[in-house]
*Asks:* 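This is the structure I have questions about; it appears just below.
All values below were derived from every heavy atom in this structure, side-chain atoms included, with hydrogens, water molecules and symmetry-related copies excluded.
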Amino acid sequence: MAEAILDLKNVCFSWKNSGRELLNLPELLVEQHEHVFLRGPSGSGKSTLLALVGGILVSDSGTLKVLGKEIKNLSSSSRDSFRVDHIGFIFQLFNLLPYLSIEENVMLPLSFSKSRAERAGKTKLEQINEAHRLLIALELEEPLAEKSTVVELSVGQQQRVAAARALIGNPELVIADEPTSALDSDLRHSFLELLFSECKKSGSTLLFVSHDSSLSELFKKVISMNEINIVNK
């Protein structure tokens, strides 16, 4: 049986200076290749959970394994390396770098991860071609050909550049943190269809996090933070 992508048991987290518990998760399991919708309102613990999964924060207790690795047993630098090697993040505000080209923004993770660079292509040219393939698949052929800067792109186009950056090098887990909050309904649905297609091609598991319950109909597996985080009960 394949190792679960994400396996949490009895994970608790609180800020040291406040003592107020933010997360108390008895269990959460995400299998390989699943597309999971994690929903919950602001304050339900979604962002804290993602920070724990990415190794940005460390849990107070319990076990949190990503690809079989217990995250809190890794050093800070090892967590950083593990995150860039195995996890692609699509942030709510995209976090694109305005002084880099569209292509350079997409290829940025390859500068920090040898394993993702090797998966993207054996040579620099192959890696560039993979970046272009992703951008074209995500319907960004025109701005790529015109050598547009990221600041010249629409919000929807910037979002797709951020998705290409998360997908390049076939990370095992792609985490999308409220990436559609600035888009209208039609753009949200078309973006998700493109994201599903590319995750399927790369074999990446998708953990999509949002407060927008209307998107849940597009996912086979839906998890509610208010149900799994017993702090909120």
Side-chain angles (χ1 to χ4, degrees), residues 5 32-33 35 50 53-56 66-67 77-180 182-183 187-209:
I5 289 290
Q32 286 189 23
H33 310 307
H35 294 171
L50 297 188
V53 172
I56 298 165
V66 179
L67 293 167
S77 60
S78 294
R79 292 198 304 273
D80 291 343
S81 296
F82 185 83
R83 179 171 60 250
V84 72
D85 283 344
H86 301 289
I87 303 175
F89 272 95
I90 307 174
F91 300 97
Q92 182 175 358
L93 299 177
F94 312 145
N95 292 358
L96 300 176
L97 300 182
Y99 52 85
L100 296 181
S101 68
I102 295 173
E103 175 188 292
E104 289 168 337
N105 266 282
V106 172
M107 296 181 68
L108 191 59
L110 309 186
S111 302
F112 300 101
S113 172
K114 183 179 179 180
S115 62
R116 278 179 72 175
E118 289 174 347
R119 293 197 297 266
K122 294 180 180 179
T123 66
K124 184 73 171 182
L125 180 58
E126 287 179 350
Q127 293 166 9
I128 291 170
N129 288 339
E130 173 61 5
H132 288 189
R133 185 196 70 77
L134 283 165
L135 288 166
I136 292 168
L138 291 165
E139 300 180 356
L140 289 164
E141 184 171 10
E142 185 175 330
L144 177 64
E146 294 176 351
K147 301 188 183 301
S148 302
T149 64
V150 292
V151 296
E152 294 175 306
L153 303 180
S154 69
V155 171
Q157 289 173 323
Q158 289 181 23
Q159 175 205 54
R160 281 175 271 146
V161 173
R165 181 183 59 190
L167 288 161
I168 197 166
N170 301 339
E172 290 91 338
L173 176 61
V174 172
I175 294 177
D177 184 12
E178 298 275 10
T180 60
L183 303 180
L187 283 175
R188 284 197 295 270
H189 282 67
S190 63
F191 169 72
L192 272 172
E193 288 174 0
L194 290 168
L195 184 59
F196 289 160
S197 174
E198 285 306 310
C199 282
K200 185 175 181 180
K201 285 178 184 175
S202 66
S204 299
T205 300
L206 174 63
L207 180 60
F208 188 95
V209 181

*Asks:* Calculate, to the nearest 0.5 Å, the distance between atoms NZ and CG belonging to K124 and N129 respectively.
*Replies:*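 Separation between the atoms: 12.0 Å.
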*Asks:* Dump the intermediate steps for salt bridge (charged side-chain N to carboxylate O under 4.0 Å, His left out) on K147 and E152, then the final yes or no.
*Replies:* CA-CA 10 Å; K147 301 188 183 301; E152 294 175 306; over 6 Å; no
*Asks:* Would you name the heavy atoms of L135 and V161 that are closest together and state the gap between them?
*Replies:*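 Shortest heavy-atom contact: CD2-CG2, 4.3 Å.
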*Asks:* So how far is it from L110 CG to R119 CZ, rounded to the nearest 0.5 Å?
*Replies:* 9.5 Å
*Asks:* Is there a side chain to side chain contact (heavy atoms under 4.5 Å, CB included) between L173 and H86? Walk through the geometry before answering.
*Replies:* CA-CA 6 Å; L173 176 61; H86 301 289; over 6 Å; no
*Asks:* Evaluate side chain to side chain contact (heavy atoms under 4.5 Å, CB included) for L167 paired with C199, printing each intermediate quantity in order.
*Replies:* CA-CA 7 Å; L167 288 161; C199 282; 3.9 Å; yes
*Asks:* If every non-hydrogen atom of A166 is compared with every non-hydrogen atom of P171, which pair is closest and at what distance?
*Replies:*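 Nearest pair, atom of A166 first, then P171: O-CG, 3.1 Å.
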*Asks:* To the closest 0.5 Å, what do you measure between CZ (R160) and OG (S190)?
*Replies:*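 Those atoms lie 7.0 Å apart.
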*Asks:* The test is side chain to side chain contact (heavy atoms under 4.5 Å, CB included); show your working for L195 and F208 and say whether it passes.
*Replies:* CA-CA 10 Å; L195 184 59; F208 188 95; 4.3 Å; yes
*Asks:* Would you name the heavy atoms of L96 and R165 that are closest together and state the gap between them?
*Replies:*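 Scanning both residues completely, I find the closest heavy atoms to be CD2-NH1, 3.7 Å.
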*Asks:* When the ring planes of F89 and F91 are compared, do they come out parallel, tilted or perpendicular, using 30° and 60° as the limits?
*Replies:* parallel
*Asks:* For the CD atom of Q92 and the OG1 atom of T180, what is their distance to the nearest 0.5 Å?
*Replies:* 9.0 Å
*Asks:* Would you sort out whether L100 and M107 count as a side chain to side chain contact (heavy atoms under 4.5 Å, CB included), showing the intermediate values?
*Replies:* CA-CA 10 Å; L100 296 181; M107 296 181 68; over 6 Å; no
*Asks:* Is any side-chain heavy atom of I102 less than 4.5 Å from a side-chain heavy atom of S148?
*Replies:*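 SC-SC contact between I102 and S148 confirmed.
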*Asks:* Drop me the distance from H189's NE2 to L194's CG, to the nearest 0.5 angstrom.
*Replies:* 13.0 Å
*Asks:* Measure across P109 and V84 and return the closest heavy-atom pair with its distance rounded to 0.1 Å.
*Replies:*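 Smallest interatomic distance, heavy atoms only, reads O-CG2, 4.1 Å.
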*Asks:* For A120, does its backbone N or O pair with a side-chain atom of Q127 as donor and acceptor, under 3.5 Å?
*Replies:* no
*Asks:* What pair of heavy atoms forms the shortest contact from S202 to N170, and how long is it?
*Replies:* CB-OD1, 3.3 Å
*Asks:* Looking at N105 and L97, would you say the former's side chain and the latter's main chain have a donor-acceptor pair under 3.5 Å?
*Replies:* yes
*Asks:* Report, as yes or no, whether the 6.0 Å neighbourhood of atom CD on E126 holds more than 12 heavy atoms from other residues, nucleotides or ligands.
*Replies:*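 Count over threshold, so yes.
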*Asks:* Can you spot which of V53, I87, L67 makes a side-chain contact (heavy atoms from CB on, under 4.5 Å) with I5?
*Replies:* L67
*Asks:* For the backbone of L140 and the side chain of Q157, can you confirm whether one donor and one acceptor N or O come within less than 3.5 Å of each other?
*Replies:* no
*Asks:* I'd like to know if the side chain of E198 and the backbone of L134 have a donor-acceptor N/O pair within less than 3.5 Å.
*Replies:*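 Checking the backbone N and O of L134 against the side chain of E198, no donor-acceptor pair under 3.5 Å is found.
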*Asks:* For the atom pair CD (E146) and CG (L144), what is the distance rounded to the nearest 0.5 Å?
*Replies:*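 Those atoms lie 10.0 Å apart.
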*Asks:* Could you report the tightest heavy-atom contact between F191 and I90, atom names first, then the distance?
*Replies:*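 Looks like CZ-CD1, 4.5 Å.
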